[in-house]
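These notes concern the structure reproduced below.
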Amino acid sequence: MPSALVVGYDPQAIPGVDTEALRAALDADLARFGEHGIDAAMTLIVFDGTAESTLVASLTKQPWDVVVVGAGIRKTESLLPLFEQIVNLIRRHAPQAAIAFNTSVGDSVEAAQRWL
């Protein structure tokens, strides 16, 4: 069974966001992977001193076929350094994995499928 790791920004760290609604959307997106025969996990990070260790632990948990980086990280200009860090950590700790990008919550499966 192919595997995917989805990396997103922790909704609890986003001021003014309906955390429960966003978390429900993320969970629904993750559940869709199983419907497509893909073993998937999600790692939510924040732009602080824990981001690297959290991501490395997830990247090295198993050999992922694809890592999907969420649009919330990729499209938010102030998170550019975090986005660069994520891409380089994927290259270093999961070199076998393809890297994919979703456009929003809800299309992570399609982003992963482009590389599976």
Side-chain angles (χ1 to χ4, degrees):
M1 175 180 289
S3 62
L5 176 65
V6 179
V7 180
Y9 203 75
D10 189 337
Q12 294 183 25
I14 305 171
V17 169
D18 183 345
T19 303
E20 290 181 26
L22 183 52
R23 184 57 201 229
L26 291 169
D27 290 342
D29 194 36
L30 185 62
R32 290 182 57 237
F33 280 91
E35 297 167 9
H36 293 273
I38 302 168
D39 177 34
M42 183 176 295
T43 296
L44 299 176
I45 58 175
V46 295
F47 193 22
D48 67 7
T50 66
E52 182 171 351
S53 61
T54 300
L55 186 55
V56 169
S58 295
L59 289 169
T60 57
K61 183 177 178 182
Q62 70 180 64
W64 302 102
D65 294 312
V66 63
V67 178
V68 179
V69 180
I73 293 171
R74 185 175 52 83
K75 291 182 174 182
T76 305
E77 190 173 330
S78 63
L79 296 180
L80 178 61
L82 177 62
F83 174 61
E84 291 175 341
Q85 180 182 26
I86 290 167
V87 171
N88 282 296
L89 288 172
I90 295 168
R91 286 182 52 238
R92 195 171 313 133
H93 296 283
Q96 77 290 342
I99 301 173
F101 304 101
N102 68 14
T103 61
S104 65
V105 174
D107 70 351
S108 296
V109 171
E110 290 75 15
Q113 286 178 322
R114 289 192 297 267
W115 295 97
L116 293 175

Summary of salt bridge (charged side-chain N to carboxylate O under 4.0 Å, His left out) pairs that have at least one residue in [range], sequence neighbours excluded:
range           : value
residues 96-115 : R32-E110
residues 83-99  : none
residues 45-61  : none

From [atom1] ([X]) to [atom2] ([Y]), nearest 0.5 Å:
X   : Y    : atom1 : atom2 : answer
L26 : S108 : CG    : OG    : 8.0 Å
I99 : I90  : CD1   : CD1   : 4.5 Å
D27 : L22  : CG    : CG    : 9.5 Å

Of L59, V6, I86, L5, the residue whose pairing with T43 passes side-chain contact (heavy atoms from CB on, under 4.5 Å):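 Result: among L59, V6, I86, L5, L5 is the only option passing the side-chain contact (heavy atoms from CB on, under 4.5 Å) with T43.
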Sequence neighbours excluded - side-chain hydrogen bond (donor to acceptor under 3.5 Å, both in side chains) pairs with any residue from residues 3-21: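 Those involving residues 3-21 are S3-D65.
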Side-chain heavy atoms of P2 within contact of V66, under 4.5 Å: no
Any D39 side-chain heavy atom under 4.5 Å of Q62 side chain: yes
Donor-acceptor pair, side chain of T54 and main chain of A51, under 3.5 angstrom: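 Absent.
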Considering all heavy atoms, the nearest A100-A112 contact: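 The answer is CB-N, 4.4 Å.
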Where I38 and M1 come nearest, the two heavy atoms and their spacing: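 Minimum heavy-atom contact is C-SD, 4.0 Å.
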Side-chain atoms of residues 67-83: list all donor-acceptor pairs with protein atoms under 3.5 Å, sequence neighbours left out, distances to 0.1 Å.
unit_1: R74; atom_1: NH2; unit_2: N102; atom_2: O; d: 2.7
unit_1: K75; atom_1: NZ; unit_2: T103; atom_2: O; d: 3.2
unit_1: T76; atom_1: OG1; unit_2: G72; atom_2: O; d: 2.5

Stepwise side chain to side chain contact (heavy atoms under 4.5 Å, CB included) check, E35 with V109: CA-CA 10 Å; E35 297 167 9; V109 171; over 6 Å; no
Pairs flagged by ring-ring contact (aromatic ring centres under 6.0 Å, His included) wherever residues 41-73 is involved - sequence neighbours left out: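 Applying ring-ring contact (aromatic ring centres under 6.0 Å, His included) to every pair that reaches into residues 41-73, excluding sequence neighbours, yields nothing.
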Worked verdict on L44 versus R23 for side chain to side chain contact (heavy atoms under 4.5 Å, CB included): CA-CA 10 Å; L44 299 176; R23 184 57 201 229; 2.8 Å; yes
